[in-house]
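See below for the structure under consideration.
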Protein chains: 2
Amino acid sequence: MTTLQRVAERAGVSTATVSKVLSNTPYFTEETRRKVMEAVEELGYVPNLAARALSSGRTHIIAVVFPQIFDAIFTDPFMLHLLEGVEAECHKQGYNMLMSTPRLSSQGFDAHYQQLIQSGYADGIVALDNIPARSVLQIAHERELPAVGIGYHDNKYHVRSDDISGATQIMQHVLELGHRQIGIISVAEELNFSVRRRLNGLRSTAEKFNMDFNAFPQAEGDFSINSGARAAGELLNTHPEITAVICLNDRMAMGAIQQARALGRSIPENLTIVGYDDIPSAAVFAPPLTTINQQAPEIGRAATRMLFEVIDGGNPHPVNVPPVLIVRQSSAPPLESPRA
Amino acid sequence: MTTLQRVAERAGVSTATVSKVLSNTPYFTEETRRKVMEAVEELGYVPNLAARALSSGRTHIIAVVFPQIFDAIFTDPFMLHLLEGVEAECHKQGYNMLMSTPRLSSQGFDAHYQQLIQSGYADGIVALDNIPARSVLQIAHERELPAVGIGYHDNKYHVRSDDISGATQIMQHVLELGHRQIGIISVAEELNFSVRRRLNGLRSTAEKFNMDFNAFPQAEGDFSINSGARAAGELLNTHPEITAVICLNDRMAMGAIQQARALGRSIPENLTIVGYDDIPSAAVFAPPLTTINQQAPEIGRAATRMLFEVIDGGNPHPVNVPPVLIVRQSSAPPLESPRA
DNA sequence: TAAAAATAGTTAAGCGCTTAACTATTGCGA
DNA sequence: TCGCAATAGTTAAGCGCTTAACTATTTTTA
C-alpha cells in the first residue's frame, strides 16, 4: 500500500501539501498541484480511509438501519427499494453504506448495534424507524449522531410516506367507480404506525363524498394473506351486499380475492378488491391488483439527502413523500352502478 | 467519547494492559482484569473502531458486493435472501457489512468501488460474481484481499448454486409425472453462466430416461415475462402436441402460462408449466408455480463462513449448495398419460 | 514607502488504539 | 541452589492521515 508520505517524497513536497492538494484546501500553486497529481498517478496512491477517518473524525460512511422483527425484512421488497434510493444518493456523494439489522429484545436493541452506533464508523444513520414499542434512533440521539428516521417515530429529522394521501387516492378511486357498499379489511393499530393514518385518509375522503365511514362494514386482519382471506369471508357472509373491499395492504387483498372467488364472486365484475403497497406480486396476481405504490426509492433518496444536510450542519424540514395510485384489473365499476 | 487512555487512568494500569485485557491476550491477573472491566463499565467505554482498524490493520467489516446491470438488483428478491444469509453469519462473528453495488462501464467497474476495495475499510469481500464479461473480484485478487465469489467465475474460493442438480430435479419431476412431449424455454448462454448448467442438467436427466433431449422443441426467451409469453406462443403453434413446458426461470414461466391460457390451454390440466428460482410471486401466481428454490440464504451463509476462514488464513474448499424442488399447482400428469 | 494582508509551503502534534520489546518478579526443573 | 522459563506489567513506537500554527515571501493598501 502506497502512503501519503511516499507521494510527498516523489513530488518533492511535504505530506501536508499533498493533503492540501488532495482536499483542495487553499493555498498551493498550479505547479505544485501538477507535481502532486503526477506522483499520485505514478504510484497508484489510494488513501487509507481508516487513517483518514481517525484523523479527520469523518468516515464518509453512513449506517443504513433496518430493525428486524420476525425476520420479515428479508422478505420485504420495500427494503430493497429503500436501499436503492439510499445507494443512489450515497453514490453521488461518494459515501459508503454500512448495513445494520438490529434485533430488539426486552433489554433493547442488541449490543452489536449499540457498539456500531458508538464506534466512530458512521458519520450518520438512516433508519427505518417503525417499531411502535421503541425507536431505533434513541441511542443515536443520546450520542448526538446525525440521524434521519423513515416512519412515524417523533424524530426531528424524518421522511414519511404520506399514508393519508395514499388512502385518500384509493378511496376516491373506489368511490368514483361508483361503489357505495364498501367493506374494509383493517389491522389493529398497535401493529403499525401507518394504520391510523390510512384509516383517517379513508374516513376523510368518505366524508367528502357525504358518506358515513363508520357505517362501512369492517373486518380485521394482520397483514398476512391468510388473515385477508378470513376477513373477506366474514365480510361477505355478514354483508353480501358489498360491491368493493378496501384492504390495508396487498397481501390481505390477495387472500381476500382467493376467498371471494371460493365464495362464488368474480373479480372485479361483481366484487372490486384493492390493496396498498404495490408489492411485486401485485402486478402478476390474477387479476393484477389496483393498489398504492409508496415510492420507496424516493423515500430512500429523500432520507439520505436529508442526512447529508444534517451532517453538514443544516437543519432540514421533514418530508412527506406522496404515494401513487396504480390502477390495474382488480377494480371496476359495480354492475348496477348509477355513475355519480 | 471515552478513550482507552481514560480507562487506563481509572483502572490504575497502562493503556497496553487495558488493550491486553480487552483482547484477552496473555498475561494479566484476575485482579487486573476486574479493575479494568470495572473502569470500562463505569466510563461506558466503547472502542473507536477507526483507531483500532488503523493500528491493528483489521476492521471487522466485510464488503458485500452486488454488481449492477440495468438496475436489476434492486428488484430481485434473490439479493435480499443472499443478504439475509450474509447478515446472519456476520452477526454471529461480530462483523459489519459494507454494501457496494458497483457499476460496470467500458473502463471496468467504477472508481468508487475500486477505491472502496483499496481503502483498508474491508477485511474481505463476498461478491455476487455473475457478469460473464468481467469478474468483480479481479481487483480484489490483484490487491490480495480475501474474497469469495458467488457464481461461476473461476474464483479460487467460491460458492455456487448447483444448477445441474436443480435442473435434474425439475426434469425428473416432469418425466415422473408421465410427460414425454416437453417444450423448453431457454435463454442465450452468453447472458448468464447458469444457463449451460441448467440445460446440461435437463439433458442428462432426459438421457437417464432414455429420451433424446435434442428432440425436445425449444424456444428462446431473455428471462422476462414477455419473452416467456412469446416463446410459449411459438412452441404451442409449432408443436401443439406438447403436454409440458420447462422454463429456465419463473418469470418466463408466468408469461408462458398467460399465453398458453390465451391460446385455449388450461394449466395444469392439459399443459404443465414449471419454472426455476422460486421468486415470491411464484407462490401467489395462478396457479402457484412448481419451481426450484436456490436456497439463497444458505448460499449467503456458506459464502460468508468461507470468507471468515480465508481471512483467518485457512484454505477452504468451494461449495455447491443444492437447490430444492418446490411442487405446487402448475404441474400435473398429462391427461392421456400411461404412468411410466 | 511602510504596514497589513494574502499566498505558499512547512513543522509539529495528534487522532485512539495496538503490540513488540523491554524490565522485574516468581516459579520450576536439574 | 542456580539458571532458565513463565508471568505480569510497562515503555515506546507507530499505524496513515489531517490541520493548526508557524515561517517566509509577495502583493495590496493607505
Side-chain angles (χ1 to χ4, degrees), chain A residues 1-37 39-40 43-61 94 96 115-123 143, chain B residues 1-37 39-40 43-61 94 96 115-123 143:
Chain A
M1 177 176 287
T2 303
T3 61
L4 195 98
Q5 173 73 36
R6 294 209 39 225
V7 171
E9 284 159 7
R10 184 70 166 254
V13 296
S14 70
T15 59
T17 299
V18 176
S19 210
K20 258 186 176 178
V21 169
L22 292 183
S23 65
N24 216 27
T25 303
Y27 307 87
F28 49 82
T29 60
E30 201 51 41
E31 174 67 8
T32 299
R33 179 203 293 271
R34 187 189 60 74
K35 286 192 294 186
V36 168
M37 298 315 293
V40 164
L43 292 175
Y45 171 70
V46 171
N48 179 305
L49 295 185
R52 187 178 276 182
L54 180 59
S55 61
S56 71
R58 188 122 169 212
T59 60
H60 288 273
I61 292 176
N96 295 296
Q115 187 189 25
L116 176 65
I117 294 309
Q118 302 167 64
S119 66
Y121 264 171
D123 293 337
R143 304 284 156 169
Chain B
M1 177 176 289
T2 303
T3 63
L4 195 97
Q5 174 73 36
R6 291 206 46 221
V7 172
E9 283 159 6
R10 185 69 167 257
V13 297
S14 70
T15 60
T17 299
V18 176
S19 212
K20 259 187 179 179
V21 169
L22 292 184
S23 64
N24 216 29
T25 303
Y27 305 85
F28 49 81
T29 61
E30 200 52 40
E31 173 68 9
T32 300
R33 180 204 292 269
R34 188 191 58 76
K35 285 193 295 188
V36 168
M37 298 314 293
V40 164
L43 292 173
Y45 171 70
V46 171
N48 178 308
L49 294 186
R52 186 178 276 180
L54 180 59
S55 61
S56 70
R58 187 122 169 211
T59 61
H60 289 273
I61 292 177
N96 295 298
Q115 187 189 25
L116 176 65
I117 295 306
Q118 302 166 62
S119 66
Y121 264 172
D123 293 339
R143 305 283 155 165

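Computed from a prediction, not measured in an experiment: that's the story for all the values here. These values consider heavy atoms only, across backbone and side chains, with no hydrogens, waters or symmetry-generated copies. Order of the sequence lines fixes the chain letters, A, B, ..., with proteins taken first and strands second; residue numbering starts at 1 for each chain.
- Running 5' to 3' along DNA chain D, contacts with non-hydrogen atoms of chain A at under 4.0 Å begin and end at D:dG16 to D:dT19.
- Residue A:S14 holds its OG atom at 9.5 Å from CD of A:Q5, rounded to the nearest 0.5 Å.
- Of the residues in residues 2-12 of chain B, none lies under 4.0 Å from DNA chain D by heavy-atom distance.
- A salt bridge links B:E31 with B:R34: the distance from a Lys NZ or Arg NE/NH1/NH2 to an Asp or Glu carboxylate oxygen falls below 4.0 Å.
- A distance-only check finds a donor-acceptor pair linking the side chain of B:S119 to the backbone of B:L116 [under 3.5 Å].
- At a threshold of 4.5 Å between non-hydrogen side-chain atoms, the residues B:N24 and B:R33 count as touching.
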May I have the step-by-step check of side chain to side chain contact (heavy atoms under 4.5 Å, CB included) for A:L22 and A:L4, ending in yes or no?
CA-CA 10 Å; A:L22 292 183; A:L4 195 98; 4.2 Å; yes
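- Partners of B:T29 by side chain to side chain donor-acceptor pair (under 3.5 Å), not counting sequence neighbours, listed by chain and number: B:T32.
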Return all side-chain donor-acceptor pairs below 3.5 angstrom for residues 44-52 of chain B, not counting sequence neighbours, or 'none' if the list is empty.
unit_1 : atom_1 : unit_2 : atom_2 : d
B:N48  : OD1    : B:A50  : N      : 2.9
B:N48  : OD1    : B:A51  : N      : 2.9

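- Within residues 50-61 of chain A, the residues having any heavy atom under 4.0 Å from DNA chain C are, by residue number, A:L54, A:S55.
- For residues 23-30 of chain B, proximity to DNA chain D is found at B:Y27, B:F28, B:T29, defined as any non-hydrogen atom under 4.0 angstrom from a strand atom.
- Atom CG of B:L43 is separated from atom CZ of B:R10 by 5.0 Å, given to the nearest 0.5 angstrom.
- Summarising the geometry, the separation between NZ on A:K20 and P on C:dT7 is reported as 11 Å, rounded to the nearest angstrom.
- Annotation for A:T59 and A:D123: closest pair N-OD1, 2.8 Å, computed over non-hydrogen atoms.
- Atoms OG1 and CD, on B:T2 and A:Q118 in that order, are 9.5 Å from each other to the nearest 0.5 Å.
- Side-chain atoms of B:Y121 and A:I61, non-hydrogen and from C-beta on, do get closer than 4.5 Å to each other.
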